[in-house]
Amino acid sequence: MGHALNAVLQDVLIRWKRMSGYKVLWLPGTDHAGIATQNVVEKQLASEGLDRYKLGREAFIERVWKWKAEYGGKIIHQLKSLGASCDWSRERFTLDEGLSMAVREVFVRLYEEGLIYRDDRLINWCPRCSTALSDLEVEHEEFEGNLAYIKYTLSNSSDHITVATTRPETMLGDTAVAVHPDDSRYKDLIGKSVDLPLTKRKISIISDNAVDPAFGTGAVKVTPAHDFNDEAIAKRHSPPLKFITVIGKDGRMTEDAGNRYAGMDRYKCRRLVLNDLKEQKLLEKGEKYKYSLSHCYRCKTVIEPLLTLQWYLNVKPLAQEAMRVVREGKIKIVPKVWENTYFAWMENIKDWCISRQIWWGHRIPAWYCQDKKSEKCRMQNGIVVSREDPVECPYCGSQNLIQDEDVLDTWFSSALWPFSTLGWPDKTVDLETFYPTTVLVTGFDIIFFWVARMIMMGLKFMEDVPFRDVYIHALVRDIKGQKMSKSKGNVVDPLTMMDRYGTDAFRFTLAAFAAQGRDVKFSEERVEGYRHFVNKLWNASRFIMMNLQIVETQRALAQGPTVFNLSARWILSRLAVTADNINRALDEYRFNDAASDIYQFIWHEFCDWYIEMVKSDIKSPEYQMSVIECLLYTLDASLRLLHPFMPFVTEEIWQKIPHIRREKEKIGESIMISEYPDSLPRDYQAEEDMSYIIDAVTGIRTIRGELNVPPSSELYAAIKTYSRKAEEILKENVLYLRKLANAGEIKIGMDVEKPEGSATCVKSSMEIYVLLKGVLNIEAEMDRLKKASSEVEESISFLNKKLNNEDFLLRAPKEVVDKEKVKYEELTMRKERITESMKKLKEVGGEK
RNA sequence: GGGCGGAUAGCUCAGCUGGGAGAGCGCAGCCCUUACAAGGCUGAGGUCACAGGUUCGAUCCCUGUUCCGCCUACCA
């Protein structure tokens with residue numbers, strides 16, 4: 001669903017810009033998802049009783065390619081099903097030849113500059129995936145565990161010092177006990193030693209400022225090879241503490257853990273160690289304790305910090321530049337709140353571990369000379385990093401070279417995407433044309449993984465930003481607001497939704513939900529609702545097509561500019577407003593606003609008002625031509641406005657209707673490349689005039705609705721207008737009133753008197769009477785008027801309070817005060833009219 | 001531990017730079033009116049989480065509180 005939302009938003013932008021006359025490129029592709037993909041294939045192998053080592057590197061990779069050919073197309077298929085209008089001829093994959101070349105070039109250059117280096121230090125290790133992970137690839141989760149208090153006996157003494165730990169099994173690798181230097185309880189013990197329980201190894205008691213005297217016992221066991229804190233303590237201690245690795249890469253205890261424990265799973269060992277300590281009466285106590293555990297982001301296995309030799313990228317210098325471009329506005333992050341997140345991470349960025357001990361990925365272009373025959377070679381540590389596979393060692397000529405077994409973090413190649421896909425390192429026309437790109441649309445979960453790294457690499461190698469805007473969309477959650485995940489079983493499959501409700505409805509739902517800065521709680525009901533919208537559009541089109549008499553239409557089209565009547569001028573003006581709003585909304589990535597604008601216009605203005613009005617025009621010879629032209633034009637423009645959201649149904653309808661060219665608009669063979677409506681002329685007069693008609697119609701309808709007069713019974717109405725203008729407009733358009741309000745005769749004029757036995761509705765520009773000969777329910781009508789009256793009264797008293805407040809009159813802006821005064825006068829007048837009506841009604845009632 | 005976001009109609013959510021709050025669905029009433037009952041018309045529903053403050057005026061700005069959600073972090 002996340003991908004679907006992502007794709008839909010991009011496609012909306014792409015289609016909109018393409019129709020707006022831009023040369024657009026949306027380059028599709030996928031990364032090789034190293035760890036995840038390798039995991040899937042390894043699982044397959046396991047079910048066949050095989051593993052990758054039995055298969056061997058080459059055969060395994062072949063196997064993954066086969067899997068990729070079969071399943072990798074799925075994402076692309078989904079994208080296509082969604083209607084993503086990518087340039088499919090340019091589809092790329094991070095392991096493509098060209099992209100792999102870019103990866104190599106980047107690696108070698110960074111190595112030559114000294115930014116890439118190799119180091120032996122503690123790293124997050126996933127025992128299940130059997131690889132190192134970067135800090136980002138580790139998820140932290142709160143966990144209710146146990147804090148064990150263990151007595152460490154002082155050497156040559158019966159006294160002991162107690163340490164607390166959540167990981168008792170690591171005590172086998174302890175090489176010190178640390179206390180705070182100022183802790184009076186332990187001051188005298190610093191420099192003394194203890195006999196490490198179970199192993200009897202002597203380790204010393206040291207001091208370190210990082211120890212919190214208030215926590216636990218104030219004494220900490222130090223296991224440099226299995227804890228990041230302890231590693232730091234060990235390294236800053238003089239002389240540095242020893243590192244003893246007691247847990248291996250497979251999550252089992254090593255030889256160094258001692259015979260009793262070697263080969264044992266780390267958790268099994270934990271239980272045994274606790275048991276052994278208990279037997280020796282060295283376990284003081286255990287208490288419940290909440291702490292956070294690190295998990296592998298791919299398989300959720302608990303991470304083991306391990307001492308290994310890995311490749312690192314020093315990103316600090318790159319991060320400096322990457323922060324600068326955002327600070328200077330060269331890259332705009334939308335919504336802006338994410339900038340803080342971006343900066344916070346960048347400022348504290350740590351070196352990036354880029355090597356992975358898996359096979360599926362870009363193999364690290366480093367070779368190790370086995371002979372180191374020359375001094376120069378020894379100086380280089382026998383490491384050869386090269387763009388081309390070397391046949392011999394460039395330093396000593398030895399042919400005994402072995403390539404590094406590891407591959408690069410997938411994100412390393414993804415970071416190059418904006419330029420590697422356009423042909424870099426060659427200087428291509430594509431790079432010239434499309435780099436820097438315009439916008440990156442993505443979820444916030446990969447700001448660090450991907451966005452930040454693309455910015456760093458883009459700046460480093462292209463010397464320019466990779467994109468100007470970064471639009472961060474929300475996460476799609478389930479109806480309860482939970483993250484969708486396979487394990488929770490709350491995943492909704494986009495293809496199912498498309499199948500069930502249609503792709504257009506599905507797309508529209510995602511866009512309509514995509515309010516900035518808020519998660520999308522996906523609701524199937526909403527999709528269903530938008531399917532109704534598709535249906536509405538379809539039916540409206542059907543109505544228009546039904547009324548198209550080909551010959552006459554052709555005549556209409558040939559006629560050129562037509563004189564439109566009020567309703568036509570009104571809808572065209574509303575269209576202009578809508579187009580304007582949509583363009584502005586899309587420009588600011590307010591997808592939900594754009595979606596609701598077009599929805600509102602098509603359904604409630606075009607269908608509910610205009611098409612209904614047209615029904616009385618369409619038969620009149622006088623207006624027929626211009627009505628058809630206006631209908632067609634508005635439909636055409638509506639389809640174009642809607643097209644980025646609902647590409648399929650709009651194209652389908654668009655292909656079937658005749659098109660009317662207006663001004664300099666371009667009409668192509670597909671709606672995709674027709675012109676997006678923008679900067680259409682507004683007609684303020686039409687909008688104002690139309691408001692009289694709307695007032696009159698809604699006034700009559702309200703009475704009808706509230707007094708439960710069935711639509712089957714025709715009404716007789718009279719309207720007393722307050723202005724000559726209103727009278728004129730209503731009289732000219734009386735046919736509309738009759739049609740829309742289902743009224744028979746309607747008397748209109750400034751001198752109209754309220755007919756006896758009629759219900760009243762008071763508007764600001766007119767008074768509407770509906771004659772209910774003999775059937776008027778006096779009580780019901782009285783209730784209506786009372787309600788209207790009290791509503792108006794309430795407003796008046798509110799305004800009264802405001803206008804009597806001297807502070808308000810004095811300090812509020814003059815426009816506001818004037819506005820309130822006008823409002824007040826208007827309301828007072830209405831109040832009078834309503835009171836008048838009530839009085840008359842009482843008289844009638846009395847007579848009865 | 002630090003940071004961020006949310007709390008608005010029965011439900012899901014809009015609400016731009018402060019001037020008496022809106023949509024969709026649901027609900028109620030009247031309707032199969034010749035594009036559409038997957039529809040039309042009308043209506044009922046909100047002390048905008050709580051407490052203070054700024055202001056002539058606060059859903060909106062500031063402070064605090066409560067309840068959710070997320071990100072981040074080397075307290076055993």
Side-chain angles (χ1 to χ4, degrees), chain A residues 122 135 140 147-148 163-167 170 178 210-212 214-223 227-233 289 291-292 294 305 335 337-338 340-341 344-345 348 444-445 447-448 474-475 477 479 481-483 512-513 515 517-523 525-526 528-547 584 588 590 592-593 596 599-600 604 607-608 611-612 615 697-698 701-712 739-742 794-795 798-799 801-802 805-813 815-817 819-820:
Chain A
L122 231 50
D135 294 341
H140 302 270
L147 191 60
V163 299
T165 179
T166 53
R167 304 200 51 197
T170 62
V211 180
D212 176 6
F215 187 88
T217 61
V220 195
K221 61 189 272 309
V222 183
T223 323
D227 185 283
F228 289 102
N229 277 315
D230 298 358
E231 180 195 30
I233 294 177
Y289 180 62
Y291 60 103
S292 78
S294 314
V337 284
W338 292 108
N340 292 330
T341 311
W345 186 70
N348 299 305
F444 63 80
D445 48 335
I447 292 180
F448 308 143
L475 226 56
R477 298 173 183 282
I479 193 83
Q482 291 189 310
K483 211 166 162 173
F513 263 91
R518 196 158 173 149
D519 286 343
V520 174
K521 274 192 225 166
F522 186 79
S523 121
E525 269 176 38
R526 192 85 181 249
E528 199 177 349
Y530 286 125
R531 184 178 58 178
H532 297 170
F533 177 49
V534 179
N535 211 41
K536 187 78 180 176
L537 178 69
W538 183 264
N539 281 319
S541 310
R542 219 165 50 133
F543 170 80
I544 293 166
M545 295 298 281
M546 254 171 52
N547 284 290
R584 209 162 344 116
E588 294 165 12
R590 290 181 286 113
N592 59 325
D593 288 340
S596 81
Y599 179 94
Q600 176 69 25
H604 298 301
C607 291
D608 286 353
I611 291 185
E612 290 306 319
K615 283 175 183 173
V697 171
T698 52
R701 279 177 180 172
T702 302
I703 294 173
R704 189 194 274 282
E706 293 186 350
L707 293 179
N708 277 336
V709 183
S712 50
K739 173 77 191 164
L740 295 177
N742 188 29
E794 218 178 297
S795 300
F798 175 80
L799 278 179
K801 237 166 72 190
K802 218 172 188 179
N805 184 343
E806 269 182 45
D807 283 332
F808 173 72
L809 297 175
L810 225 67
R811 295 182 205 211
E815 315 93 75
V816 177
V817 177
K819 219 172 86 191
E820 302 290 51

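A note on names: the letters A, B, ... follow the listed sequences, proteins ahead of strands, and every chain is numbered from 1.
Between Y289(A) and A76(B) there is a side-chain N or O to OP1 or OP2 distance below 4.0 Å. Put simply, R542(A) has no side-chain N or O that comes within less than 4.0 Å of OP1 or OP2 on A35(B). Within the structure, a side-chain polar atom (N or O) of H140(A) is placed less than 4.0 Å from OP1 or OP2 of A73(B). Phosphate proximity of U33(B) to K615(A): absent, as no side-chain N or O sits under 4.0 Å from OP1 or OP2. Of the side-chain N and O atoms in K739(A), none sit less than 4.0 angstrom from OP1 or OP2 of U33(B).
Using a 4.0 Å heavy-atom distance criterion, N708(A) is classed as a sugar-phosphate-only contact. The residue A515(A) sits close only to the backbone: its heavy atoms come under 4.0 Å of sugar-phosphate atoms, none of a base. Contacts of V211(A) with the nucleic acid, taken as non-hydrogen atoms under 4.0 Å apart, include base atoms. At the heavy-atom level, P305(A) lies nowhere under 4.0 Å from the strands shown. Counting non-hydrogen atoms under 4.0 angstrom, E794(A) reaches a base of the nucleic acid. Using a 4.0 Å heavy-atom criterion, one finds that Y530(A) contacts no nucleic acid atom at all.
The distance between atom CG of D608(A) and atom P of G39(B), rounded to the nearest whole Å, is 11 Å. To the nearest angstrom, C1' of A38(B) lies 14 Å from CG of L537(A).
A14(B) and G6(B): their P atoms are spaced 10 Å apart (whole Å). To the nearest whole angstrom, the two P atoms, one in A7(B) and one in C13(B), are 10 Å apart.
Judged by distance alone, with hydrogens and angles left aside, E612(A) brings a side-chain donor or acceptor within reach of the base of A35(B), the pair sitting under 3.5 Å.
In this structure, the nucleotide among G19(B), U12(B), A14(B) sitting nearest to the side chain of D593(A) is A14(B).
In this structure, CD in E820(A) is found 4.0 Å from NZ in K802(A), a value given to the nearest 0.5 Å.
No donor-acceptor distance shorter than 3.5 angstrom exists from the side chain of N805(A) to the backbone of K801(A), with no hydrogens or angles considered.
In RNA chain B, the stems built from three or more successive Watson-Crick or G-U pairs (distances below 3.5 Å) are B:1-7 with B:66-72, B:10-13 with B:22-25, B:27-31 with B:39-43, B:49-53 with B:61-65.
For F522(A) and F513(A), the ring centers are positioned 6.0 Å apart or more.
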